[in-house]
Amino acid sequence: MASLDRVKVLVLGDSGVGKSSLVHLLCHNQVLGNPSWTVGCSVDVRVHDYKEGTPEEKTYYIELWDVGGTVGSGSSVKSTRAVFYNSVNGIILVHDLTNKKSSQNLYRWSLEALNKDSSPTGVIVTNGDYDREQFADNQIPLLVIGTKLDQIPENKRSDVLARTAFLAEDFNAEEINLDCTTPRYLAAGSSNAVKLSRFFDKVIEKRYFTRDGSQMPGFSERKRYGAGNSKSLHYD
């Protein structure tokens, strides 16, 4: 496959929410059989057709950086983890729909990645309120994904989704809820697939295009990948 332009998208969220399973599903369209804990950072690649089906269609590589660790951990771990946050073009925030704390912690993950969390043990959410001004000048596209939808009983699903719906609004982002063990949630043409494609298009536009839609000059950096190839980065 020829060399393609690329964008870097962080995948952030608490340990155990299913980030690795999600990334595998996004890059391979397959269920990850035996997910394991991510130590440091694991990178996988998705091939994406920007503005698919239009005259402007172009293929890009989407690097998905699955960052491990626990938000609010010691300053040494946090500062080491910060190396993965360089040159970010987009962020996918992942939470477990059955775990309320993992949803609340997305605020801390996002602020840490955007270098706005000056205190790793500070409380970002107080009495259920969130200061949206912390994101007022954010130019990095965000997407919120809730996992383990299958583990919510049908009679409680609407209540849970109503509780988590505020996340996307706070982040000025679209929301996808799914089960990472069922590829049909991202089937071509589904509302989730449309949202995902729209997010990746936005990430590419922010990286490579000006506001009037013309491609910015001078972007010649390339990295050669095969579809679905992955690599791992670790810290002690």
Enquirer: What heavy-atom pair brings V11 and K19 nearest, and what distance separates the two atoms?
Expert: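 Closest heavy-atom pair between V11 and K19: O-CD, 3.6 Å.
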Enquirer: Output all residues satisfying side chain to side chain donor-acceptor pair (under 3.5 Å) with S102, sequence neighbours left out; order by chain, then residue number.
Expert: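 S102 satisfies side chain to side chain donor-acceptor pair (under 3.5 Å) with no other residue.
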Enquirer: Check whether any side-chain heavy atom of I145 lies under 4.5 Å from a side-chain heavy atom of L22, and answer yes or no.
Expert: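 The answer is yes, as the side chains (C-beta and beyond) meet within the 4.5 Å cut-off.
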Enquirer: For the NE2 atom of H48 and the OG atom of S197, what is their distance to the nearest 0.5 Å?
Expert: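 Answer for the NE2-OG pair, H48 versus S197, is 4.0 Å.
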Enquirer: Under a 4.5 Å cut-off applied to non-hydrogen side-chain atoms, are D170 and Y107 in contact?
Expert: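 A side-chain contact under 4.5 Å exists here.
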Enquirer: Angle class for the Y208/Y60 ring planes (parallel below 30°, perpendicular above 60°, tilted otherwise)?
Expert: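 The arrangement is tilted - the two ring planes meet at 30° to 60°.
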Enquirer: Would you name the heavy atoms of I91 and A113 that are closest together and state the gap between them?
Expert: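 Residues I91 and A113, closest heavy atoms: CD1-CB, 4.1 Å.
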Enquirer: If only atom types and distance count, is the side chain of N89 paired as donor or acceptor with the main-chain N or O of K8 below 3.5 Å?
Expert: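 Confirmed, N89 side chain pairs with K8 backbone.
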Enquirer: Under the rule for side-chain contact (heavy atoms from CB on, under 4.5 Å), what residues qualify as partners of K51, not counting sequence neighbours?
Expert: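 K51 satisfies side-chain contact (heavy atoms from CB on, under 4.5 Å) with T54, E56, D201, E205 only.
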Enquirer: Looking just at side-chain N and O atoms, do S20 and D66 make a donor-acceptor pair shorter than 3.5 Å?
Expert: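 Yes, D66 and S20 have a side-chain donor paired with an acceptor closer than 3.5 Å.
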Enquirer: Side chains of L97 and T147: does their closest heavy-atom pair fall under 4.5 Å?
Expert: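 Sidechains of T147 and L97: no contact.
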Enquirer: Which residues pass the side chain to side chain donor-acceptor pair (under 3.5 Å) test with Y85, sequence neighbours left out?
Expert: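 Applying side chain to side chain donor-acceptor pair (under 3.5 Å) to Y85 gives R81, E112.
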Enquirer: Could I get the full list of side chain to side chain donor-acceptor pair (under 3.5 Å) partners for N172, not counting sequence neighbours?
Expert: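 Per chain and number, N172 pairs via side chain to side chain donor-acceptor pair (under 3.5 Å) with no residue.
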Enquirer: Looking at residues at least two apart in the chain, or sitting in another chain, which of them share a salt bridge (charged side-chain N to carboxylate O under 4.0 Å, His left out) with K148?
Expert: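 Only D96 meet the salt bridge (charged side-chain N to carboxylate O under 4.0 Å, His left out) criterion with K148.
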Enquirer: Please list, chain by chain and in numerical order, all residues satisfying side chain to side chain donor-acceptor pair (under 3.5 Å) with D179, sequence neighbours excluded.
Expert: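 Counting only residues at least two positions away or on another chain, D179 forms a side chain to side chain donor-acceptor pair (under 3.5 Å) with T181, T182.
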Enquirer: Any luck finding a side-chain donor-acceptor pair between D14 and W109 under 3.5 Å?
Expert: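 A donor-acceptor contact under 3.5 Å links the two side chains.
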Enquirer: Can you list the residues that meet the salt bridge (charged side-chain N to carboxylate O under 4.0 Å, His left out) rule with E175, with sequence neighbours excluded?
Expert: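 Residues passing salt bridge (charged side-chain N to carboxylate O under 4.0 Å, His left out) with E175: none at all.
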Enquirer: For residues 183-191, tabulate all N or O donor-acceptor pairs below 3.5 Å that involve a side-chain atom, not counting sequence neighbours.
Expert:
| from | atom 1 | to | atom 2 | distance (Å) |
| --- | --- | --- | --- | --- |
| S190 | OG | A187 | O | 2.7 |
| S190 | OG | A193 | N | 3.2 |

Enquirer: With a sphere of 6.0 Å drawn around NZ of K195, does it hold more than 12 non-hydrogen atoms of other residues, nucleotides or ligands?
Expert: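 Enclosed: over 12 neighbouring heavy atoms sit under 6.0 Å from NZ of K195.
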Enquirer: Using the side-chain contact (heavy atoms from CB on, under 4.5 Å) criterion, which residues pair with R157? Sequence neighbours excluded.
Expert: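 Checked R157 against side-chain contact (heavy atoms from CB on, under 4.5 Å); matches are L149, I152, E154, L161.
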Enquirer: Looking at every heavy atom in both V31 and C180, which two are closest together, and how far apart are they?
Expert: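 Scanning both residues completely, I find the closest heavy atoms to be CG2-O, 3.9 Å.
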Enquirer: Quick one: does V43's side chain get under 4.5 Å of L64's, heavy atoms only?
Expert: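 Sidechains of L64 and V43: no contact.
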Enquirer: Identify which one of L93, V17, L142 satisfies the side chain to side chain contact (heavy atoms under 4.5 Å, CB included) criterion when paired with L12.
Expert: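 Filter result, single survivor: L93.
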Enquirer: Tell me whether V83 shares a hydrophobic cluster with L114, the cluster being built from Ile, Leu, Val, Met, Phe, Trp, Tyr side chains joined at under 4.5 Å.
Expert: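 Yes, same cluster.
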Enquirer: Evaluate the criterion salt bridge (Lys or Arg N to Asp or Glu O under 4.0 Å) for residue pair E63 and R6; output intermediate values, then yes/no.
Expert: CA-CA 7 Å; E63 291 183 354; R6 65 186 177 89; 3.5 Å; yes
Enquirer: Using the rule given for salt bridge (Lys or Arg N to Asp or Glu O under 4.0 Å), can you reason through D5 versus K58, listing the C-alpha separation, both sets of side-chain angles and the distance that settles it, and then say yes or no?
Expert: CA-CA 10 Å; D5 287 319; K58 181 180 177 181; 3.2 Å; yes
Enquirer: Restricting to salt bridge (charged side-chain N to carboxylate O under 4.0 Å, His left out), what partner residues turn up for R163, sequence neighbours left out?
Expert: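 Checked R163 against salt bridge (charged side-chain N to carboxylate O under 4.0 Å, His left out); zero matches.
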Enquirer: Would you say that L143 contacts E174 through its side chain, given a criterion of any heavy-atom pair below 4.5 Å between the two side chains?
Expert: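 When only atoms from C-beta onward are counted, E174 and L143 do touch, with a gap below 4.5 Å.
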Enquirer: Taking side chain as C-beta onward, heavy atoms only, is V94 less than 4.5 Å from I92?
Expert: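 In contact.
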Enquirer: P153: which residues meet the side-chain contact (heavy atoms from CB on, under 4.5 Å) condition with it, sequence neighbours left out?
Expert: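 So P153 forms a side-chain contact (heavy atoms from CB on, under 4.5 Å) with N155, K156.
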Enquirer: Any donor-acceptor pair under 3.5 Å linking the side chain of R46 with the backbone of L26?
Expert: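 Yes: the side chain of R46 pairs with the backbone of L26.
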Enquirer: For the ring pair F171 and F166, is the centre-to-centre distance below 6.0 Å?
Expert: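 No - the distance between ring centres of F171 and F166 does not fall below the 6.0 Å cut-off.
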Enquirer: By side-chain contact (heavy atoms from CB on, under 4.5 Å), which residues pair with H24, not counting sequence neighbours?
Expert: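 In terms of side-chain contact (heavy atoms from CB on, under 4.5 Å), with neighbours along the sequence ignored, H24 is linked to H28, Q30, L32.
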Enquirer: Do L106 and L167 have side chains that get closer than 4.5 Å, going by heavy atoms?
Expert: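 Of all side-chain heavy-atom pairs linking L167 with L106, at least one is under 4.5 Å.
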